[in-house]
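Report on the structure given below.
This is a predicted model, so every value here is computed, not measured. In what follows, chains are A, B, ... by sequence order, proteins preceding strands, each numbered from 1.
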Protein chains: 2
Amino acid sequence: MAHEAQKAIARQSLLLKSLPEQHVDTLLSHAIWRRYDRGETIFLQEEEAKAVHVVLAGWVKLFRMSPTGSEAVVSVFTRGESFGEAVALRNVPYPVSAEAVSPCEVMHIPSPLLLSLMREDPEIGVSILAATFSHLHALVAQLEQLKAQTGAQRVAEFLLNLCVNDKGGCEVELPYDKMLIAGRLGMKPESLSRAFSRLKTVGVRINRNHAVISDVVGLRDYAESDPSEK
Amino acid sequence: MAHEAQKAIARQSLLLKSLPEQHVDTLLSHAIWRRYDRGETIFLQEEEAKAVHVVLAGWVKLFRMSPTGSEAVVSVFTRGESFGEAVALRNVPYPVSAEAVSPCEVMHIPSPLLLSLMREDPEIGVSILAATFSHLHALVAQLEQLKAQTGAQRVAEFLLNLCVNDKGGCEVELPYDKMLIAGRLGMKPESLSRAFSRLKTVGVRINRNHAVISDVVGLRDYAESDPSEK
DNA sequence: GCCACGACATGACAATAGTCAAGTTCATGC
DNA sequence: GCATGAACTTGACTATTGTCATGTCGTGGC
């Protein structure tokens with residue numbers, strides 16, 4: 001059974017936050033709450049979806065194995081984020097696999113429950129679409145980055161997304177392994193290392209999983225500049 | 001007003017094909033039917049979505065402009081395909097722009113109509129989710145290609161998707177400009193040219209917009225082989 | 001028919017990223 | 001404490017791709 005703290009996190013997720021209290025209670029009380037160890041599989045590509053997943057703690061990566069065995073990281077989720085909405089409601093196989101990349105707490109909402117509630121109140125469909133749209137948007141943004149930016153620029157954007165303040169300097173912690181960051185940004189770990197050292201010229205220092213950005217505006221200029229201008 | 005032939009195409013779209021006849025009739029009779037010339041804009045990034053779009057004839061590209069002015073093609077749609085579902089139902093701005101890349105016929109379903117119908121019958125929400133999921137899936141597949149395959153391999157997959165038969169040889173027409181194919185595959189036109197000439201060694205001949213594939217199985221092997229093995 | 005322009009092909013070169021190998025650091029188990 | 005192994009960094013080299021320049025080929029306008 002779930003702690004109140006976990007329920008509070010679930011309530012804040014994009015999927016649930018705009019639903020009527022009463023429905024949220026129903027969903028939370030029928031949900032399955034599970035802990036995953038680092039490296040543990042949550043579901044596999046081609047498996048049939050039976051639930052929608054909400055991350056309560058830790059980090060989960062979605063990835064795809066190509067026929068050759070190399071893996072492509074599609075997205076990385078953390079506290080308060082949900083995934084699998086569009087798949088769960090249609091009884092189709094997952095297009096990706098999901099794996100815990102740190103110890104995780106994940107809530108699973110059985111899809112039949114969500115479906116039956118949706119037939120009662122169409123507003124739930126809108127909530128699901130909202131969450132799905134945000135995934136769609138994230139994928140589009142990622143595609144644009146891959147097609148229009150160099151590796152170092154993608155790293156710069158990644159760091160900027162970790163910053164809270166939008167000017168001056170700031171210090172951030174890298175949220176997960178550099179290997180995973182590299183995968184998420186579509187490059188090899190070696191290239192990520194080199195991208196980091198290239199960013200030294202625009203005021204970025206990396207030490208372990210700690211990053212110091214001395215000039216956020218300058219870094220943003222770098223990220224958005226034309227690759228051919230450098 | 002629409003020809004019956006156009007309505008028939010719309011009925012076959014993923015968005016509408018599984019809906020009850022009665023709802024489809026309502027939607028079709030309130031839809032807006034428009035013709036677009038090559039190069040004409042259908043909507044712009046950041047514009048607020050007011051409709052869902054169904055392509056009846058021609059080709060439409062969705063693309064994103066990066067801050068530097070370079071464009072990244074996100075997807076290309078043709079007869080029977082719909083786009084903008086998840087955006088239209090949420091009153092959020094489009095994350096992409098849409099442009100006709102050939103003379104086009106496009107049907108627009110006003111989103112308030114779709115929303116009100118959805119509140120009557122939640123099944124419509126499922127249909128919209130189905131269409132949205134297929135876009136999500138396509139983006140994930142594209143991401144995987146970009147991250148795990150070389151340019152020539154992406155071109156090989158593109159050609160394979162145009163083939164109907166799955167063994168032996170086949171001949172296909174390239175559906176649109178090579179410039180657009182290049183954009184869709186995340187490369188420059190020059191790189192596409194070179195990818196084509198590289199594919200000569202696996203039995204692919206390109207002449208104008210006509211492609212001859214002498215060995216579909218061999219080409220598939222090539223597309224799925226490890227990039228480092230060549 | 002001729003011209004102009006855009007799409008496309010190709011060569012030379014530069015920039016970028018992947019590969020392979022060697023070495024460092026750090027967390028873990030014993 | 002020490003050994004082990006995984007994550008990470010760095011260097012040298014290669015492969016791939018982008019850039020720029022040039023040339024060809026067709027299509028559409030006149």
Separation of C:dA17 atom C1' from A:Gln149 atom CD, nearest Å, is 16 Å
List the steps and the verdict of side-chain contact (heavy atoms from CB on, under 4.5 Å) for A:Thr78 and A:Trp59. CA-CA 5 Å; A:Thr78 188; A:Trp59 293 86; 3.5 Å; yes
Taking the six-membered ring of A:Tyr36 as reference, does the NZ or CZ atom of A:Arg34 fall below 6.0 Å from its centre and within a 45° cone about the axis? yes
Atom CG of A:Leu146 and atom P of D:dT17 are separated, to the nearest Å, by 14 Å
Closest of D:dG18, C:dA17, C:dG11 to the A:Thr150 side chain is C:dA17
Could you go step by step and tell me if A:Val217 and A:Arg220 meet the side-chain contact (heavy atoms from CB on, under 4.5 Å) rule? CA-CA 5 Å; A:Val217 175; A:Arg220 179 162 293 119; 5.5 Å; no
How long is the line joining CG of A:Leu192 and C1' of C:dG18, in whole Å? 14 Å
Check whether any side-chain heavy atom of B:Lys178 lies under 4.5 Å from a side-chain heavy atom of B:Phe196, and answer yes or no. yes
So what does B:Arg198 hit on the nucleic acid, given a heavy-atom distance under 4.0 Å: a base, only sugar-phosphate, or nothing? sugar-phosphate
More than 12 foreign heavy atoms under 6.0 Å from CZ of A:Arg79: is that the case here? no
Output a table of nitrogen or oxygen pairs between the protein and nucleotides 21-30 of chain D separated by less than 3.5 Å.
{"unit_1": "D:dG26", "atom_1": "O3'", "unit_2": "B:Arg208", "atom_2": "NH2", "d": "3.2"}

Expressed as a whole number of angstroms, how long is the span from B:Gln153:CD to C:dG18:C1'? 13 Å
Just how far, in rounded Å, is C1' of C:dC8 from NE2 of B:His210? 18 Å
Would you indicate whether the side-chain heavy atoms of B:Leu199 and B:Ser197 approach each other to under 4.5 Å? no
Evaluate salt bridge (Lys or Arg N to Asp or Glu O under 4.0 Å) for A:Arg90 paired with A:Glu48, printing each intermediate quantity in order. CA-CA 10 Å; A:Arg90 304 202 48 248; A:Glu48 197 182 290; over 6 Å; no
Distances under 3.5 Å only, N/O to N/O: pair up the protein atoms with those of nucleotides 6-8 of chain D.
{"unit_1": "D:dC8", "atom_1": "OP1", "unit_2": "A:Lys178", "atom_2": "N", "d": "3.0"}
{"unit_1": "D:dC8", "atom_1": "OP2", "unit_2": "A:Lys178", "atom_2": "N", "d": "3.4"}
{"unit_1": "D:dC8", "atom_1": "OP2", "unit_2": "A:Met179", "atom_2": "N", "d": "2.9"}

If each of A:Arg194 and A:Lys147 is mapped to the nucleotide of DNA chain D with the nearest heavy atom, which maps nearer the 5' terminus, i.e. the 5' end? A:Arg194
In whole angstrom, give the distance that lies between atom CE of B:Met187 and atom C1' of D:dT19. 16 Å
Shortest non-hydrogen separation from B:Gln153 to B:Ser225 and the atoms involved: NE2-O, 2.6 Å
Should the pair B:His108 and B:His53 be assigned to parallel (<30°), tilted (30 to 60°) or perpendicular (>60°) ring geometry? perpendicular
Could you give the CZ-to-C1' distance, from A:Phe196 to D:dT10, as a whole number of Å? 15 Å
Starting from P on C:dG11, measure out to NZ on B:Lys188 and report it in whole angstrom. 21 Å
